[in-house]
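Okay, so here's the structure we're looking at.
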Amino acid sequence: MAKIGVFVCHCGENIASKVDTGNLVKALSDHPGVEICNEYKYFCSDPGQETVKRAIRENNLTGVVVAACSPRMHETTFRKACAEAGLNPYMLELANIREQCSWVHSDKDQATEKAIEITRSLVEKVKRNNELKPISVPVTRRALVIGGGIAGIQAALDIAGAGREVILVEREPSIGGHMSQLSETFPTLDCSQCILTPRMVEAIQHPNITVLTYSEVEEVDGYIGNFKVKVRKKARYVDMSKCTGCGDCIQKCPVKKIPSEFECGLGNRTAIYTPFAQAVPNVPVIDKNRCTYFKNGKCKICQKTCQIENCIDFEMQDTFEEFEIGAIVVATGFQIQDTSVYGEYGYGKYKDVITGLHFERLASASGPTAGKILRPSDGKEPETVVFIQCAGSRDPSKGVKYCSKICCMYTAKHAMLFAHKHHDGNSKIFYMDIRAAGKGYDEFTRRAIEEDEAEYLRGRVSKVFEENGKLIVRGVDTLLGKPVEVAADMVVLATAIVPQPDAKEFAKKIGIGYDEYGFYNEAHLKLRPVETATAGIYLCGACQSPKDIPDSVAQASATAAKVLGLFSREQLEREPVVAAVGEATCAGCWGCVSACPYNAIEQKEIRDRNGNLVKEVASVNPGLCQGCGTCVTFCRSNSIDLAGFTEKQIFAEVMAL
């Protein structure tokens with residue numbers, strides 16, 4: 001005989017304002033199998049949970065239904081309470097009468113009736129629940145960090161600092177990411193390289209970190225605690241174990257006019273190069289597409305110049321290395337939007353219309369102009385610089401609806417840097433509104449206005465065109481209510497932050513979700529902000545959404561804490577809500593294999609005692625299965641059931657309505 005306890009939560013006004021909890025209790029008290037039914041203001045509170053525990057013990061309950069909020073919010077809370085009272089935690093069901101009733105209905109009678117039906121259906125389901133046990137899987141205590149920017153470096157250092165092995169994979173020849181391109185950082189205006197370079201060196205010298213630069217993740221298989229990852233190590237054509245970083249090969253290379261990606265095209269590099277002076281590792285790479293030898297088979301000057309035998313190898317090929325990984329941290333970073341979509345701003349047409357990243361390189365002491373703010377067109381110092389904010393961000397017509405978060409701050413920083421380097425210069429900033437949310441951020445923007453005399457003009461720019469050697473910026477000042485024209489020597493666009501060009505393809509490769517723009521999705525925006533829906537894969541930095549350096553570093557440390565928590569046990573317990581195949585009726589059509597988004601279903605051979613093959617059936621790997629139920633709907637022979645959501649349980653719910 002079932003002995004079910006039903007506990008109805010008022011949740012303050014969240015539920016009781018639209019659901020008559022008294023009538024709900026009265027309706028369920030007489031339902032067959034219900035042993036006890038009562039209500040309380042907050043069952044999720046400590047006294048509320050004690051009430052549930054006491055009821056389980058005193059009434060020897062075989063199942064519990066809590067009519068409250070979403071299972072995503074408090075299912076774990078009540079499962080823990082049931083377990084502490086001696087009841088199997090999977091004999092609990094949570095009736096969501098908050099989101100599905102009180103929050104969506106204005107009529108109290110209808111909301112109450114719906115709440116009664118939802119709760120009744122779950123009483124019938126819990127009667128047919130089975131006592132499930134968590135699945136134990138072994139954990140490989142090695143982490144993979146994908147992306148070598150500041151977020152990836154911080155995550156790797158935190159994990160390695162706790163004594164765990166880390167594989168850090170970066171697709172570029174050096175770690176450092178976009179932070180290595182910056183001049184100073186807001187709101188303290190300290191040197192970016194001064195902060196970053198020691199962390200880069202610490203990462204490559206750490207005994208628990210293996211840094212794989214100029215490498216990319218090719219394949220990811222497996223599941224939490226037991227991933228198998230294949231990494232492609234692209235041919236550098238330079239032996240990293242032999243190279244001393246002397247730079248002789250770079251100096252002698254005859255191909256010297258290649259626009260430098262690191263300098264945003266404002267400077268040049270050679271065909272064999274290191275991205276920047278402080279690159280880690282300080283080992284050059286040959287650009288195969290620009291190298292004379294790879295084009296026509298002639299040259300090899302770099303090899304002849306090199307004093308170390310066989311250090312430069314033109315026959316080097318890409319290699320692959322496989323790793324067993326327990327957890328993955330994704331820190332693949334961002335790119336800036338292609339500003340050519342803003343033809344009205346003249347980007348690409350006028351040399352002196354540049355992006356914020358271009359301005360960073362001009363302001364950097366290690367940049368192409370040694371820190372002097374000079375016009376790209378003629379190398380002269382500009383007198384008036386116009387900064388245009390939201391150049392791409394918050395503009396649905398250009399495909400970017402969101403705010404890029406950091407633009408207001410770095411524009412204020414750029415205005416300050418220009419004032420510090422050119423005391424007689426004028427900075428004019430066209431803005432929509434100033435978003436400076438962060439410690440010391442608002443004070444920083446006020447300092448740009450009050451101390452460094454940056455002039456803020458509230459309004460959008462309609463057009464930038466050239467006239468008499470000047471860039472005419474035509475816009476509007478909405479505070480004064482009149483159009484404005486500014487004759488500028490240089491225009492700097494605060495361009496939108498967008499995901500990496502291959503972000504969506506990479507998400508599919510490793511099995512995580514992404515939003516409409518290509519930023520990676522977290523499992524829960526508030527409660528699980530660094531986890532993904534795929535267990536064991538975590539997010540940090542701007543691959544999830546636009547972020548500044550402090551937020552990226554904080555999130556990186558958060559992912560490290562999650563990884564170390566996972567690595568704290570040799571065996572991992574996970575949810576037993578997985579699919580199972582009835583081998584007797586399985587027809588071997590393999591529809592479930594193609595349908596499974598987690599590659600959790602394999603083909604299994606059934607043999608007789610003599611070893612003869614009887615038939616092939618589908619088999620679910622419980623470590624890989626995420627309990628989504630897709631295979632259940634695809635099974636033509638109705639041979640697959642999902643633990644906790646079997647066909648009998650679902651029919652019982654339906655028949656109770």
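In this text, all values refer to a predicted model and were calculated from it rather than measured experimentally.
- Rounding to the nearest 0.5 Å gives a distance of 6.0 Å between CG of Leu539 and OG1 of Thr532.
- Although no hydrogens or angles enter the test, the distance criterion places a donor-acceptor pair under 3.5 Å between the side chain of Ser180 and the main chain of Gly177.
- Listed for the Thr213 side chain is no donor-acceptor partner under 3.5 Å among the backbone atoms of Glu170.
- Tyr431 and Tyr456 have perpendicular rings, their planes meeting at more than 60° on a 0 to 90° scale where under 30° would count as parallel.
- Counting only distance, with no hydrogens or angles, the side chain of Thr445 and the backbone of Asp442 share a donor-acceptor pair below 3.5 Å.
- A salt bridge does not link Lys380 to Asp489: none of the charged side-chain nitrogens sits closer than 4.0 Å to a carboxylate oxygen.
- Here the CD-OH distance, from Glu261 to Tyr273, works out to 5.0 Å after rounding to the nearest 0.5 Å.
- Using the six-membered ring where Trp is involved, Tyr402 and Phe519 have ring planes that are perpendicular, over 60° apart on the 30 and 60° scheme.
- Of the listed residues (Arg236, Arg269, Lys234), just one forms a salt bridge (charged side-chain N to carboxylate O under 4.0 Å, His left out) with Asp287, and that residue is Arg269.
- Not one N or O on the side chain of Gln317 forms a donor-acceptor pair closer than 3.5 Å with the backbone of Ala235.
- No close placement of the Phe387 and Phe418 rings is indicated, their centers lying 6.0 Å or farther apart.
- For Tyr441 and Phe186, the gap between ring centers is short of 6.0 Å.
- To the nearest 0.5 Å, atoms OG (Ser174) and CD (Gln278) are separated by 9.0 Å.
- Scanning all heavy atoms of the two residues, the minimum distance from Arg199 to Ile195 falls at CG-O, 3.4 Å.
- The side-chain tip of Lys504 does not point at the ring of Tyr514 from less than 6.0 angstrom away and within 45° of straight on.
- Checked against a 6.0 Å centroid threshold, the rings of Phe294 and Phe314 count as neighbours.
- Contact check for Cys249 versus Pro284: side-chain heavy atoms found under the 4.5 Å cut-off.
- A donor-acceptor pair is defined here as one N or O able to donate and one able to accept, closer than 3.5 Å; such a pair exists between the side chain of Lys256 and the backbone of Gln251.
- Between Glu321 and Lys233 a salt bridge is recorded (basic side-chain N to carboxylate O distance below 4.0 Å).
- Note on Asp433 versus Arg394: salt bridge recorded, some NZ/NE/NH1/NH2 to OD/OE distance being below 4.0 Å.
- Under the 4.5 Å side-chain criterion, counting only non-hydrogen atoms from C-beta, Glu172 is not in contact with Tyr214.
- Using a cut-off of 4.0 Å between Lys/Arg side-chain N and Asp/Glu carboxylate O, Glu218 and Arg232 are scored as salt-bridged.
- Formation of a donor-acceptor pair under 3.5 Å by the Asp477 side chain with backbone atoms of Lys482 is not found in this model.
- Checked by atom type and distance alone, the side chain of His178 pairs as donor or acceptor with a backbone atom of Phe334 at under 3.5 Å.
- Checking side-chain atoms of Gln555 against main-chain N and O of Gly541 turns up a donor-acceptor pair under 3.5 Å.
- Between the side chain of Ser404 and the backbone N or O of Ile406, no donor-acceptor pair lies under 3.5 Å.
- Contact check on Lys470 versus Glu467 returns no salt bridge, with no Lys/Arg side-chain nitrogen under 4.0 Å from an Asp/Glu carboxylate oxygen.
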Could you please spell out the steps behind the side chain to side chain contact (heavy atoms under 4.5 Å, CB included) verdict for Val211 and Val280?
CA-CA 9 Å; Val211 178; Val280 174; over 6 Å; no

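- Between Thr185 and Asp190, the side chains place a donor N or O and an acceptor N or O closer than 3.5 Å (distance only, hydrogens not considered).
- Not counting sequence neighbours, the partners of Pro368 by the side-chain contact (heavy atoms from CB on, under 4.5 Å) test are Glu263, Leu266, Arg361.
- A salt bridge does not link Asp313 with Lys242: none of the charged nitrogens is closer than 4.0 Å to a carboxylate oxygen.
- Donor-acceptor pairing under 3.5 Å is lacking for the side chains of Thr411 and His414.
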Applying side chain to side chain contact (heavy atoms under 4.5 Å, CB included), run through Tyr350 and Val491 and close with a yes or a no.
CA-CA 10 Å; Tyr350 308 122; Val491 174; over 6 Å; no

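- Formation of a donor-acceptor pair under 3.5 Å by the Glu485 side chain with backbone atoms of Arg474 is not found in this model.
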Please test Gln154 against Ser557 for side chain to side chain contact (heavy atoms under 4.5 Å, CB included), starting from the C-alpha separation and ending with a verdict.
CA-CA 7 Å; Gln154 184 67 41; Ser557 293; 3.7 Å; yes

